[in-house]
Protein chains: 2
Amino acid sequence: MTNLKEVARKAGVSPSTVSRVINNHPYVNEEKRNRVLQIIDEMNYIPNINAIHLKRGKTNLIGVVIPFSNHPYFSQLIQGISEEAIKLDKKIVLFQTSYDTDQEIDALEMLKLKQLDALIICSRNISLTIIEQYIEYGPISIFENITHSKLRTSYIDHYQSFLTALNHLYEHGHRNISCAINRKKSTSSIERIAAYKDFCIEKSLTYNDNNIYENYVLLEDGYDLSKEIQKSLNPPSAIVVSGDNTAAGLLLSLNDDLKENLSIIGFENHKISKLLNLTTIEIPLINIGKSLFNQLYDKSVSNQLFETRLIARQSVKNINI
Amino acid sequence: MTNLKEVARKAGVSPSTVSRVINNHPYVNEEKRNRVLQIIDEMNYIPNINAIHLKRGKTNLIGVVIPFSNHPYFSQLIQGISEEAIKLDKKIVLFQTSYDTDQEIDALEMLKLKQLDALIICSRNISLTIIEQYIEYGPISIFENITHSKLRTSYIDHYQSFLTALNHLYEHGHRNISCAINRKKSTSSIERIAAYKDFCIEKSLTYNDNNIYENYVLLEDGYDLSKEIQKSLNPPSAIVVSGDNTAAGLLLSLNDDLKENLSIIGFENHKISKLLNLTTIEIPLINIGKSLFNQLYDKSVSNQLFETRLIARQSVKNINI
DNA sequence: CTGAAAGCGCTTACAG
DNA sequence: CTGAAAGCGCTTACAG
């Protein structure tokens, strides 16, 4: 491997000059510059990036922590992050954790070791307290509603969004409403369940734990969900499903009776929801991804709220009260 | 930022000894080792990873080139790659290219600059000739049938797999068979089209370009595909769709007439195909991902063929000849 | 505009 | 078992 010094020797200049040429510094004699450039080409010289990183103290590598990449929710976030990263010529190091805490710590440790300049956490399992210990090592942005810390956040109001969905169903006459969420202990689910409880109280509907279906996230989970609903003694007339994928799977798996009588609202507004005429709450995931990235480069810590909106389609029907 | 030298000074030993402690070398006095460990803890010392990389000449970073991550085909590959990478404590740098050549070159350049130890190419747009120029900089594995070069390959026989699907339909009495593929110029599509042509010739069926539908890859593309088929003057009795996602979208979008009369075979055996009782050709993508990773660490260049198999479900019906 | 020199923070053969 | 020294390959203030 030829190095900068050899190039300098062959070109008859000092290493400093070669470095200046490579980094496009002004004040280099045109003739010398050309000579160096030519030698670089001849010798097929490649700068050692690790030496540059050592010297500069940064790597242009940004870590992204996600549980899975095979779900449109997360792949849209990645899409947005990537689009912005390309503009600044930063690279994305993917930590696909499956919510494994060790993997999450790995990412934080790489930030600490300076192999990553910054970190984006799309979803976490690890405690916030642990994450906060790493803030001193580099900017961290997270897709979660936390405003009291040094974390940079982009987030949506899960409580309000869920309430919007529930109220939409209420306005269409529904009084027996269920909901399906993913991990019960996730911060988003906690907000959603709170919205559901408050909604029931406010509308004087009986709140029942059994009306909350847990661990539904994939398309194929919608099939299982349909089975659960079908075997229910008092099946709901409507259901809020916290992801379009599951909502779509559910819609497609319904028997004829439920197909007529079950109203469904999904979340995220993925393409499949349009294809299936599914009412949904749009979440601007790509823009959130962009924001999560850009916040890393803000001078100050910021918290960015993103609006969601209901897109009414045909999967919510009126019911006579 | 405290460094190794400061730790050495405080501990009253040489930098060499500190380094030995950190790297768990034998032959370090137990007492000194403990002292060093204690100082490291006290000073909250963190080794600079870039210095280590410079010294060692490697980074434990593996690049992965994929066009999109929001498609199960690719996310399964990533899954397999990640599972193996974790075992060797290697990290994955994701290059989500959208088939943009510049992004692909970026990945190759990072290999050249030694920021990546090795590279995995799941799908490419760039020419093979260019890729081959980078082999000297580090191991490269690719998901493609290439045996004549220094590239490490894991691959399936797209020709044979497609033929299997076509013959299955033929055996069920179908004589008017279409197919849907993604990018026409991709190597896999070229093999698939060749299989289709040869099949038509062998069975004395009329081959017609119009029976090959192009650029169908997503679930929602299945909807468009259904429209295309419905407006066809001589609609096929069966279709081979080169991905389960599109096949599922198609199946779900068919009007009642076609629902009765169109047989469908998908590819990959994703969960949705089981949910919808879709006949498919299974592709062991997770294992291929694992192989692509492990081949990087083989001493010699290898080429690994993976078998596919037909899984018969209800989406292929018998037709009377 | 240019070079000599110091330094980024580690590792490792060498000598003891 | 241990330390002094050289070196990995760059960059950059400094002096000219």
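Reminder, nothing fancy here: chain letters follow the sequence lines and each chain counts from 1.
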task = Treat primed atoms plus P, OP1 and OP2 as sugar-phosphate and everything else as base, then score nucleotides 10-16 of chain C 5' to 3': B for base contact with protein heavy atoms under 4.0 Å, S for sugar-phosphate contact only, - for none.
result = BBBB---
Minimum heavy-atom distance between Ala11(A) and Arg35(A), given as atom pair plus value =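 Scanning both residues completely, I find the closest heavy atoms to be O-NH1, 2.6 Å.
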request  = Of all the heavy-atom pairs spanning Ile135(A) and Lys150(A), show the shortest one and how long it is.
outcome  =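 Closest approach of Ile135(A) to Lys150(A), heavy atoms only: CD1-CB, 3.5 Å.
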query = Counting side-chain heavy atoms from C-beta on, which of dG3(D), dC1(C), dG9(D) comes nearest to Val13(B)?
reply =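 So the nucleotide nearest the side chain must be dG3(D).
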key: Closest to side chain of Ser14(B), choosing from dC1(D), dA4(C), dG3(D)   =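 Taking heavy atoms from C-beta onward, the closest nucleotide is dG3(D).
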inquiry  = Would you say Glu109(A) and Gln115(A) are linked by a side-chain donor-acceptor pair, where the criterion is simply a distance under 3.5 Å?
reply    =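 No, because no side-chain N or O of Gln115(A) sits under 3.5 Å from a partner of the opposite role on Glu109(A).
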Distance-only donor-acceptor check, side chains Gln79(B) and Gln96(A), under 3.5 Å =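 A pair is found: one side chain offers a donor N or O, the other an acceptor, under 3.5 Å apart.
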ask   = Got a sec, which residues hit salt bridge (Lys or Arg N to Asp or Glu O under 4.0 Å) with Glu83(B), two or more places apart in sequence or on another chain?
value =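 For Glu83(B), the residues satisfying salt bridge (Lys or Arg N to Asp or Glu O under 4.0 Å) (neighbours in sequence not counted) are Lys290(B).
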ask   = Quick one: salt bridge (Lys or Arg N to Asp or Glu O under 4.0 Å) partners of Glu268(A), sequence neighbours excluded?
value =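 If we apply the salt bridge (Lys or Arg N to Asp or Glu O under 4.0 Å) test to Glu268(A), skipping adjacent residues, there are no hits.
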Can you give the donor-acceptor pairs under 3.5 Å from side chains of residues 49-56 of chain B to other protein atoms, not counting sequence neighbours?
unit_1	atom_1	unit_2	atom_2	d
Asn50(B)	ND2	Lys114(A)	O	3.4
His53(B)	NE2	Thr59(B)	O	3.4
Arg56(B)	NH2	Asn23(B)	OD1	3.1

ask   = Parallel, tilted or perpendicular: which describes the rings of His158(B) and Phe143(B), with under 30° parallel and over 60° perpendicular?
value =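 Ring orientation, 0 to 90° scale: tilted.
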query = Parallel, tilted or perpendicular: which describes the rings of Phe293(A) and Tyr297(A), with under 30° parallel and over 60° perpendicular?
reply =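 Rings of Phe293(A) and Tyr297(A): tilted, 30 to 60°.
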task = Let me know which of Ile66(B), Ile126(B), Ile140(B) forms a side chain to side chain contact (heavy atoms under 4.5 Å, CB included) with Ile121(B).
result =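 Going through the options one by one, the only one that passes is Ile140(B).
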inquiry  = Leu116(A) and side chain to side chain contact (heavy atoms under 4.5 Å, CB included): which single residue from Val93(A), Asn60(A), Ile62(A) fits?
reply    =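 Considering Val93(A), Asn60(A), Ile62(A), a side chain to side chain contact (heavy atoms under 4.5 Å, CB included) with Leu116(A) is found only for Val93(A).
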Interatomic distance where CD belongs to Glu30(A) and P belongs to dT2(C) [whole Å] =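 The answer, rounded to whole Å, is 10 Å.
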message = Can you measure Asn29(B) atom CG to dC1(D) atom C1' for me and round it to whole angstrom units?
response =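 Between C1' of dC1(D) and CG of Asn29(B): 8 Å.
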ask   = Expressed in whole Å, how much space separates the C1' atoms belonging to dG16(C) and dT12(C)?
value =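 One C1' to the other, the span is 16 Å.
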query = Hey, can you pull the residues of residues 33-43 of chain B with a non-hydrogen atom under 4.0 angstrom from DNA chain D?
reply =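 DNA chain D contact set from residues 33-43 of chain B: none.
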key: Contact under 4.0 Å: Lys32(B) side-chain N or O vs dT2(D) OP1/OP2   =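 Answer yes for this pair, as a side-chain N or O of Lys32(B) is under 4.0 Å from OP1 or OP2.
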request  = Quick one: stems involving DNA chain D, counted as three or more successive Watson-Crick or G-U pairs, both distances short of 3.5 Å.
outcome  =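 Output for stems: C:1-3 with D:14-16, C:5-12 with D:5-12, C:14-16 with D:1-3.
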